[in-house]
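Note sheet for the following structure.
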Amino acid sequence: MAAEKLTRESVVERALELANEEGVESLTIRRLAGRLGVTPMALYWHFKNKDEMVWALAEHLLSTLTADISPDDPWQVRLRGMVETLVAAMREHPSLPDFLATVEAKHDLDSFRRATEAALDALTSAGFSLSEGYYVSSYLLNGAIALVKYHPGCPAGMSEAEEAEARRLRRLHIESLPRDRFPRMIDYGATLAGPPDVDHYFAFGVDLLMAGVEAMARRRAGG
C-alpha cells in the first residue's frame, strides 16, 4: 500500500487486524508501518503517537453500540440490543476488551458517551435511579467483557486436531477426580467429548446478564 494512498480509515483497519492477530501490546507505529510497507513518518500524518491511534481504534470499535437503538423501543429491547452488539463486536474483534482496558479515559470517547447515555436512558425508564443505572451499565459492560474473554472455546490459532487434543486432556483430568467427592464434575467432563456450542454459550450468557436486571426492575415495579 503506497503511502500516498493511506487514509486514516485504512490505517485504523490494518491496525485493528494487527491487534486482533497479535494483541494490543504488539501495536506500535513502527510495527504497523512495517505491515503497511511504509515508513513510520507516513503514519504520523494520521496519528501523533500510539495513544492517539489506540484512541481511534477504540472509537471505531464502539461506534456500532447505539447504531440500531430506537428510543421508541421498550427499555429491555434497547438494553439487550446494546449488550448483544457489544458481545458481537468483541467476538469479531478479540482485541476490544484490551482496548477498553488500555484507554483509561474511555469515558471521554464520544462513542462510549453515547452508549452510556443510551444505557442510562433505558435504565431510568426501567425505574432505576441514575446512580443505580450507572452501576447496572458498568456491571453489564464488565460482564460482557468476561463473557468473551473466558469463553469455553480453545485459543485462536489452534487446528481442529489441536483443539480435540486439548479437550481430551482436560476431560481426562476431570474424569480422574475421585467420584465420591466430585460426581457432578466428572459427569460434566463427559460433555467435553465434542466441541462446545459457543453460540449457545454467548446467547445463554446474555440472557443471564439481562435476567438479573429485568428481575430487579420487575420487583421494583411490583413494590
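All figures in this text were calculated on a predicted structure; none of them were measured in a lab.
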Parallel, tilted or perpendicular: which one describes the rings of Phe202 and His151, with boundaries at 30° and 60°? tilted
Report yes or no: does Arg8 contribute a side-chain atom to a donor-acceptor pair with the main-chain N or O of His46 at less than 3.5 Å? yes
Consider only side-chain heavy atoms of I, L, V, M, F, W and Y, link residues closer than 4.5 Å, and tell whether Tyr150 and Leu208 are in one cluster. no
side-chain hydrogen bond (donor to acceptor under 3.5 Å, both in side chains) partners of Asn142, counting only residues at least two apart: none
Can you tell me if Tyr201 has over 12 outside heavy atoms packed within less than 6.0 Å of its OH? yes
For residues 122-138, pull every pair meeting salt bridge (charged side-chain N to carboxylate O under 4.0 Å, His left out), keeping only residues two or more places apart or in separate chains. Glu132-Arg220
For Ala33 and Leu43, which heavy atoms make the closest approach, and how far apart are they? N-CD1, 3.6 Å
What are the two closest heavy atoms between Pro152 and Pro196, and how far apart are they? O-CG, 3.8 Å
Would you say the side chain of Phe204 lies within less than 4.5 Å of the side chain of Asp197, judging by non-hydrogen atoms? no
side-chain contact (heavy atoms from CB on, under 4.5 Å) assessment of Val136 paired with Met216: CA-CA 11 Å; Val136 172; Met216 184 174 285; 5.6 Å; no
Quiz: residues 178-187 side-chain donor-acceptor pairs under 3.5 angstrom, not counting sequence neighbours:
unit_1 : atom_1 : unit_2 : atom_2 : d
Arg179 : NH1    : Asp187 : OD1    : 3.4
Arg179 : NH2    : Asp187 : OD1    : 3.3

Return the CZ to CD1 distance between Arg78 and Ile69, rounded to the nearest 0.5 Å. 8.5 Å
About how many Å separate CZ of Arg91 and CG of Leu86, when rounded to the nearest 0.5 Å? 12.5 Å
Do Leu177 and Tyr188 sit in one hydrophobic cluster, given that two such residues count as connected whenever their side-chain heavy atoms are within less than 4.5 Å of each other, even indirectly? yes
Hey, is Arg114 close enough to Glu117 for a salt bridge, meaning N to O under 4.0 Å? no
Keeping Glu59 on the side-chain end and Leu109 on the backbone end, is there a donor-acceptor pair under 3.5 Å? no
For Leu120 and Leu130 the tightest heavy-atom approach is CD2-O, 3.9 Å
Rounded to the nearest 0.5 angstrom, the CZ-CG distance for Arg35 and Leu18 is 4.5 Å
For Val148 and Leu96, run side-chain contact (heavy atoms from CB on, under 4.5 Å): C-alpha distance rounded to whole Å, both residues' side-chain angles, the deciding distance at 0.1 Å, then the answer. CA-CA 10 Å; Val148 176; Leu96 179 52; over 6 Å; no
Any idea which heavy atoms bring Leu209 and Ala144 closest together, and the distance? CD1-N, 3.9 Å
Just to verify, what does Glu214 make a salt bridge (Lys or Arg N to Asp or Glu O under 4.0 Å) with, not counting sequence neighbours? none
For the atom pair CZ (Phe112) and CG (Leu61), what is the distance rounded to the nearest 0.5 Å? 13.5 Å
Non-hydrogen atoms of Phe47 and Ala56 that approach each other most closely: CE2-CB, 3.5 Å
Under the salt bridge (Lys or Arg N to Asp or Glu O under 4.0 Å) rule, collect the residues that match up with Glu84, sequence neighbours excluded. Arg80
Identify, with sequence neighbours excluded, every residue that meets side-chain contact (heavy atoms from CB on, under 4.5 Å) alongside Thr28. Arg30, Arg31
Could you go through the side-chain contact (heavy atoms from CB on, under 4.5 Å) check for Val11 and Trp45 one step at a time? CA-CA 11 Å; Val11 173; Trp45 282 101; over 6 Å; no
Are Glu163 and Arg167 side-chain neighbours, meaning at least one heavy-atom pair lies under 4.5 Å? yes
How long is the straight-line distance from CG of Leu16 back to NE2 of His60, given to the nearest 0.5 Å? 6.0 Å
Taking the side chain as C-beta and beyond, is there a heavy-atom pair between Met82 and Leu140 under 4.5 Å? no
Treating Ile, Leu, Val, Met, Phe, Trp and Tyr as nodes and any side-chain heavy-atom pair under 4.5 angstrom as an edge, say whether Val77 and Val213 lie in one connected cluster. no
Measuring only between side-chain heavy atoms, which start at C-beta, is Leu57 closer than 4.5 Å to Leu27? yes
Evaluate whether atom CE of Met210 has more than 12 neighbouring non-hydrogen atoms of other residues, nucleotides or ligands under 6.0 angstrom away. yes
Residues Lys50 and Ile29: closest non-hydrogen pair is N-CG1, 4.2 Å
Report the distance from atom CE of Met90 to atom CD of Glu92, rounding to the nearest 0.5 Å. 12.5 Å
